[in-house]
Amino acid sequence: MIRKVVPINDTYALVIGDRVEAKYADPYLWQVELSSLNKTLLTMKPYYSFKRPPKVFLHPGNETVVVVYYIGQIHFGIAMGGDNSRPKQSVVRIYNNDYPEGKDIVNFKFSQGTIISTAFESGDLIVTGDPSKPGGESKNRKPARVWKISFDNTEQLHV
């Protein structure tokens with residue numbers, strides 16, 4: 001069963017779905033090449049796609065597409081329905097001329113903030129994370145965490 005399809009560009013899409021041989025709900029996250037339907041497994045433990053699907057960020061004037069996908073879950077107490085979990089990790093993946101097939105460049109743990117937005121500033125990638133636990137009360141909100149990811153010519157990343 002296919003649960004979610006998230007287009008990335010003209011070549012790829014992310015697909016969350018159950019494996020053909022699964023006898024119960026067992027969603028995986030794949031990157032699928034649209035022309036051939038070849039797939040690459042990104043994770044066997046995607047976060048609930050109906051709550052927080054992978055995000056695709058397009059930045060006008062920049063040749064890079066930034067994708068953020070979420071892995072695992074952390075539960076906070078027992079709640080009867082409603083909001084009681086967050087992703088364990090946010091993975092930042094880029095697609096550009098250097099990485100046309102995509103490349104995971106950095107993972108953020110929940111304590112560093114669930115990545116919710118991206119921007120480019122002077123060639124650096126700026127990502128914003130929300131480290132707040134679940135709950136509707138504004139007193140539980142923590143300030144956003146902003147991270148700068150710099151690229152150098154040796155393919156080293158600096159966060």
Side-chain angles (χ1 to χ4, degrees), residues 2-17 27-35 39-76 83-159:
I2 294 177
R3 298 172 181 270
K4 190 79 155 178
V5 176
V6 179
I8 297 169
N9 54 30
D10 292 341
T11 307
Y12 295 104
L14 297 180
V15 176
I16 298 176
Y28 283 21
L29 172 64
W30 287 281
Q31 173 180 287
V32 178
E33 186 174 359
L34 300 173
S35 63
K39 62 187 184 214
T40 302
L41 180 65
L42 297 180
T43 182
M44 296 185 295
K45 297 185 185 270
Y47 187 69
Y48 304 116
S49 61
F50 62 90
K51 281 187 173 182
R52 191 178 297 268
K55 294 182 181 240
V56 177
F57 298 98
L58 306 173
H59 300 283
N62 189 304
E63 298 295 321
T64 300
V65 175
V66 180
V67 171
V68 178
Y69 64 92
Y70 306 99
I71 298 176
Q73 57 251 348
I74 299 173
H75 293 283
F76 297 91
D83 186 20
N84 68 348
S85 71
R86 288 291 182 265
K88 266 189 188 178
Q89 292 181 40
S90 300
V91 180
V92 178
R93 185 174 181 84
I94 61 170
Y95 296 81
N96 60 20
N97 291 335
D98 293 331
Y99 307 109
E101 296 177 2
K103 179 177 175 131
D104 292 348
I105 59 168
V106 65
N107 292 12
F108 289 92
K109 295 179 183 176
F110 170 73
S111 61
Q112 297 165 311
T114 300
I115 302 304
I116 56 173
S117 71
T118 69
F120 278 94
E121 184 178 289
S122 301
D124 297 325
L125 177 62
I126 308 298
V127 297
T128 303
D130 178 4
S132 299
K133 292 181 180 177
E137 298 178 35
S138 61
K139 67 180 181 180
N140 292 333
R141 305 301 305 169
K142 291 185 177 180
R145 297 208 169 127
V146 179
W147 301 90
K148 179 169 84 169
I149 302 167
S150 299
F151 305 87
D152 67 21
N153 294 335
T154 63
E155 294 204 18
Q156 295 293 316
L157 298 173
H158 305 281
V159 180

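Count residues from 1 along the sequence. In this text, all values refer to a predicted model and were calculated from it rather than measured experimentally.
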Passing option when Pro87 is tested against Ile71, Ile74, Ile115, Thr114 for side-chain contact (heavy atoms from CB on, under 4.5 Å): Thr114
Exercise: identify the closest heavy-atom pair between [X] and [Y]:
X: Ile16; Y: Pro54; value: CD1-CD, 3.9 Å
X: Ser49; Y: Arg3; value: OG-CB, 4.2 Å
X: Pro131; Y: Ala144; value: CD-CA, 4.3 Å
X: Ser90; Y: Gly113; value: OG-O, 4.1 Å
X: Ile94; Y: Tyr99; value: CD1-CD1, 3.8 Å
X: Pro46; Y: Pro27; value: CD-O, 3.3 Å

Give, for atom [atom1] of [X] and atom [atom2] of [Y], the distance between the pair rounded to the nearest 0.5 Å.
X: Lys109; Y: Lys88; atom1: NZ; atom2: NZ; value: 10.5 Å
X: Asn62; Y: Phe120; atom1: CG; atom2: CZ; value: 4.0 Å
X: Leu14; Y: Lys39; atom1: CG; atom2: NZ; value: 14.0 Å
X: Thr128; Y: Arg145; atom1: OG1; atom2: CZ; value: 12.5 Å
X: Asp130; Y: Lys142; atom1: CG; atom2: NZ; value: 10.0 Å
X: Ile126; Y: Trp147; atom1: CD1; atom2: CH2; value: 12.0 Å

Enclosure of Leu41 CG (heavy-atom neighbours >12, cutoff 6.0 Å): yes
Is any side-chain heavy atom of [X] less than 4.5 Å from a side-chain heavy atom of [Y]?
X: Leu34; Y: Tyr12; answer: no
X: Val65; Y: Asn96; answer: no
X: Thr64; Y: Tyr95; answer: no
X: Tyr47; Y: Ser85; answer: yes
X: Val146; Y: Val127; answer: no
X: Ile8; Y: Val67; answer: yes
X: Val92; Y: Leu125; answer: yes
X: Arg86; Y: Pro134; answer: yes

Geometric class of the Phe57/His59 ring pair [parallel <30°, tilted 30-60°, perpendicular >60°]: parallel
cation_pi(Arg52, Tyr70) dist<6.0 Å, angle<=45: yes
Residue pair Asp124 / Ser122, side-chain donor-acceptor N/O under 3.5 Å: no
Modelled atom types, side-chain donor and acceptor of Tyr69 and Gln89, under 3.5 Å: no
Step-by-step side-chain contact (heavy atoms from CB on, under 4.5 Å) determination, Arg93 to Val68: CA-CA 6 Å; Arg93 185 174 181 84; Val68 178; over 6 Å; no
